[in-house]
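Below: one structure, written as structure tokens.
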Amino acid sequence: MNDIPDTMMAWKKTKPQTGGFELLESKVPKVKADEVLVKTHSTSICGTDIHIWKWDDWAAENVPMGTITGHETCGVVVAIGSDVTTHKIGDKIAVECHLACWDCDRCNEGNAHICEEGKIFGVHSDGAFAPYFTIPAVNARHLPDNLTLDLASIQDPLGNAIHTLTGGPVDGATVAIHGLGPIGLFAVNAAKAMGAKLVIAIDWDNQTRMNLAKKLGADVVLGKDDDIVQSILSHTNNQGVDNSCEFSGSPNALSNTIYSTRMGGYVNVLSVYGKRLTEVPMNDIVFRYLHVKGINGRKMWSTWDKMHELLSAGKIDIDTLVTHRMSYLEYPQGIELAMSGDCGKVVVDF
Ligand SMILES: NC(=O)c1ccc[n+]([C@@H]2O[C@H](COP(=O)([O-])OP(=O)(O)OC[C@H]3O[C@@H](n4cnc5c(N)ncnc54)[C@H](O)[C@@H]3O)[C@@H](O)[C@H]2O)c1
Ligand SMILES: [Zn+2]
Ligand SMILES: [Zn+2]
């Protein structure tokens with residue numbers, strides 16, 4: 001198409017230090033045979049982007065210098081590769097950022113989200129803090145009915161939340177959500193939408209997010225001034241909840257999940273912890289017969305199917321959760337705001 005420019009202004013990580021991003025003139029990428037070229041509509045800021053901003057050890061090991069980052073994104077298809085039959089120009093899509101080989105044992109058993117050769121769009125390769133990006137067509141997911149492009153970039157964290165919740169029972173179940181960052185807040189809302197009979201939302205001291213949890217449907221909200229384990233037990237006949245989900249990254253919260261999940265219950269952990277070795281009360285896991293599961297990404301595609309069912313039915317309150325939007329030119333300010341924690345989801349628009 002003639003109106004696709006040759007170059008664009010894109011945010012690139014150019015220095016191995018805190019910040020270290022520059023808005024630089026870059027080539028608009030060309031589609032490969034199995035890819036689509038997308039004009040970015042909006043990209044949301046994720047905890048991963050904060051790691052890359054701070055340039056911690058994980059970021060230094062994973063992100064090549066010069067990468068255009070950003071992986072929670074959506075937009076409109078403006079060009080398609082020669083082998084693509086699933087998309088056409090003008091299609092509205094959002095990105096699944098786990099790039100899979102579709103040919104390894106994990107992909108073949110239906111676990112492409114943990115592909116043996118897996119890469120993350122916007123982390124290991126160029127992403128979407130830029131006006132255009134390319135992506136394999138299979139990763140460009142069409143929007144469900146009732147979802148506008150303005151809100152479509154959040155399907156990555158919403159999908160994380162739903163994948164975590166569905167590691168245990170939700171419909172008719174008692175659920176505790178530990179950590180009320182954007183993903184925990186999505187989990188509060190999704191748990192209610194999926195029919196949980198009691199949702200207990202727990203943060204440490206972030207009052208903004210605790211208030212948001214209440215608005216998003218939490219039945220009980222707890223924080224550092226509460227005896228968290230005792231409160232959860234007292235709301236569940238002293239048994240503990242059926243399904244505990246850990247989104248805080250705090251080892252203390254992880255212990256709390258184990259002490260406050262019912263015998264034979266489910267503990268689903270999406271969090272990433274600061275230290276490789278985290279102490280856990282192992283004997284309680286054993287004697288309480290708990291199912292403890294690590295969660296990564298979104299199931300491709302059952303998590304997306306469940307998410308689209310909820311979104312089409314208008315059951316997820318994204319508007320309340322997206323607390324701030326700004327121009328992509330203000331990306332550094334967006335990161336500062338996300339780092340402050342005084343927000344729900346922060347989205348940059350193109
Ligand atoms: N496995 C994956 O695929 C995947 C994907 C994305 C994010 N993550 C991880 O998921 C987690 C959630 O991400 P996010 O961006 O929503 O969260 P975040 O880091 O923005 O928020 C964490 C929240 O936990 C709260 N908290 C701190 N200590 C607590 C405690 N002891 N008890 C309860 N709450 C406490 C904080 O106040 C904060 O509001 C992070 O650890 C992130 O690294 C994992
Ligand atoms: Zn993310
Ligand atoms: Zn694979």
Side-chain angles (χ1 to χ4, degrees), residues 1 3-4 28-44 46 70-102 107 110-113 115 118-122 125-163 166 186 189-190 193-194 297-319 321-322 345 347-350:
M1 274 195 357
D3 54 356
I4 300 169
V28 172
K30 299 268 180 257
V31 275
K32 298 198 185 95
D34 64 341
E35 289 182 338
V36 292
L37 174 68
V38 178
K39 186 170 194 303
T40 316
H41 182 86
S42 45
T43 303
S44 39
C46 167
H71 58 277
E72 296 183 1
T73 190
C74 63
V76 177
V77 172
V78 291
I80 58 175
S82 53
D83 291 351
V84 175
T85 55
T86 47
H87 291 67
K88 57 185 188 319
I89 288 170
D91 284 2
K92 296 173 184 171
I93 63 91
V95 161
E96 164 53 64
C97 67
H98 285 227
L99 306 174
C101 77
W102 298 105
C107 285
N111 284 317
H113 63 299
C115 168
K119 296 255 180 290
I120 310 283
F121 166 82
S125 61
D126 281 345
F129 286 124
Y132 292 87
F133 61 85
T134 51
I135 184 95
V138 67
N139 289 74
R141 308 307 295 173
H142 287 105
L143 301 197
D145 296 341
N146 280 342
L147 183 65
T148 65
L149 267 179
D150 278 350
L151 301 177
S153 71
I154 57 70
Q155 290 175 90
D156 171 309
L158 173 59
N160 283 144
I162 292 170
H163 188 188
T166 51
F186 275 123
N189 200 229
M194 289 159 73
R298 295 142 297 278
K299 288 278 279 183
M300 296 150 74
W301 303 100
S302 60
T303 305
W304 283 82
D305 293 342
K306 180 75 206 168
M307 173 163 65
H308 284 185
E309 182 191 315
L310 294 170
L311 288 166
S312 294
K315 288 189 170 173
I316 304 291
D317 182 2
I318 307 172
D319 269 326
L321 234 146
V322 173
K345 197 74 187 166
V347 175
V348 303
D349 293 314
F350 287 80

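In what follows, every heavy atom counts, from backbone to side chain, and hydrogens, waters and symmetry copies are set aside.
To the nearest 0.5 angstrom, M307 atom CE is 10.5 Å from S302 atom OG. Rounded to the nearest 0.5 Å, atoms CZ (F186) and CD (Q155) are 9.5 Å apart. With rounding to the nearest 0.5 Å, the separation of CD1 in I318 from CD1 in I154 is 3.5 Å. Distance CZ/R298 to OG1/T303: 8.0 Å, rounded to 0.5 Å. The NZ atom of K39 sits 12.0 Å away from atom SG of C74, with the distance rounded to the nearest 0.5 Å. The distance from atom CD1 of I162 to atom CE of M194, rounded to the nearest 0.5 Å, is 6.5 Å.
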Between N146 and L311, is a side chain to side chain contact (heavy atoms under 4.5 Å, CB included) present by the stated rule, with each step listed? CA-CA 7 Å; N146 280 342; L311 288 166; over 6 Å; no
For the pair T43 and F350, evaluate side chain to side chain contact (heavy atoms under 4.5 Å, CB included) and give the outcome as yes or no after the intermediate values. CA-CA 8 Å; T43 303; F350 287 80; 3.5 Å; yes
Applying side chain to side chain contact (heavy atoms under 4.5 Å, CB included) to K299 and N111, what does each step give before you reach the verdict? CA-CA 7 Å; K299 288 278 279 183; N111 284 317; 2.9 Å; yes
I'd like to know whether D156 forms a side chain to side chain contact (heavy atoms under 4.5 Å, CB included) with C46, so could you lay out the CA-CA distance, the side-chain angles of the two residues, the decisive distance to 0.1 Å, and finally the verdict. CA-CA 9 Å; D156 171 309; C46 167; 5.5 Å; no
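The side-chain hydrogen bond (donor to acceptor under 3.5 Å, both in side chains) analysis of residues 127-143, with sequence neighbours excluded, yields the pairs D91-H142.
Around the CG atom of D305, the shell of radius 6.0 Å holds more than 12 heavy atoms that belong to other residues, nucleotides or ligands.
For the pair L143 and T148, the tightest heavy-atom approach, listed with the atom from each and the gap, is CD1-C, 4.2 Å. Contact record, V36 with A137: CG1-CB, 4.1 Å, taken as the closest heavy-atom pair. The two residues L99 and S125 have their closest heavy-atom pair at CD1-OG, 4.0 Å. Residues I316 and A190 approach most closely at CD1-CA, 3.9 Å, considering heavy atoms. The shortest non-hydrogen separation linking C101 to C115 is N-SG, 3.2 Å. Closest heavy-atom contact between A128 and F133: CB-CD2, 3.7 Å.
A heavy-atom distance below 4.5 Å is found between the side chains of E72 and P157. Within the 4.5 Å cutoff, the side chain of W301 has no heavy atoms near those of the H308 side chain. Taking the side chain as every heavy atom from C-beta outward, V84 and V31 never approach each other to under 4.5 Å. Counting only heavy atoms from C-beta outward, the side chains of S312 and D145 approach each other to under 4.5 Å.
Residues satisfying the ring-ring contact (aromatic ring centres under 6.0 Å, His included) test with H41, not counting sequence neighbours, are none. Considering only residues two or more places apart in sequence or on other chains, H113 meets the ring-ring contact (aromatic ring centres under 6.0 Å, His included) condition with H163.
Without hydrogens or angle criteria, S42 side chain to D349 main chain gives no donor-acceptor distance under 3.5 Å. Panel note: side chain H87, backbone V77; no donor-acceptor pair is recorded below 3.5 Å. A donor-acceptor contact shorter than 3.5 Å links the side chain of N189 to the backbone of D317.
Screening D126, L37, V38, I135 for a side chain to side chain contact (heavy atoms under 4.5 Å, CB included) involving P29 leaves a single residue, L37.
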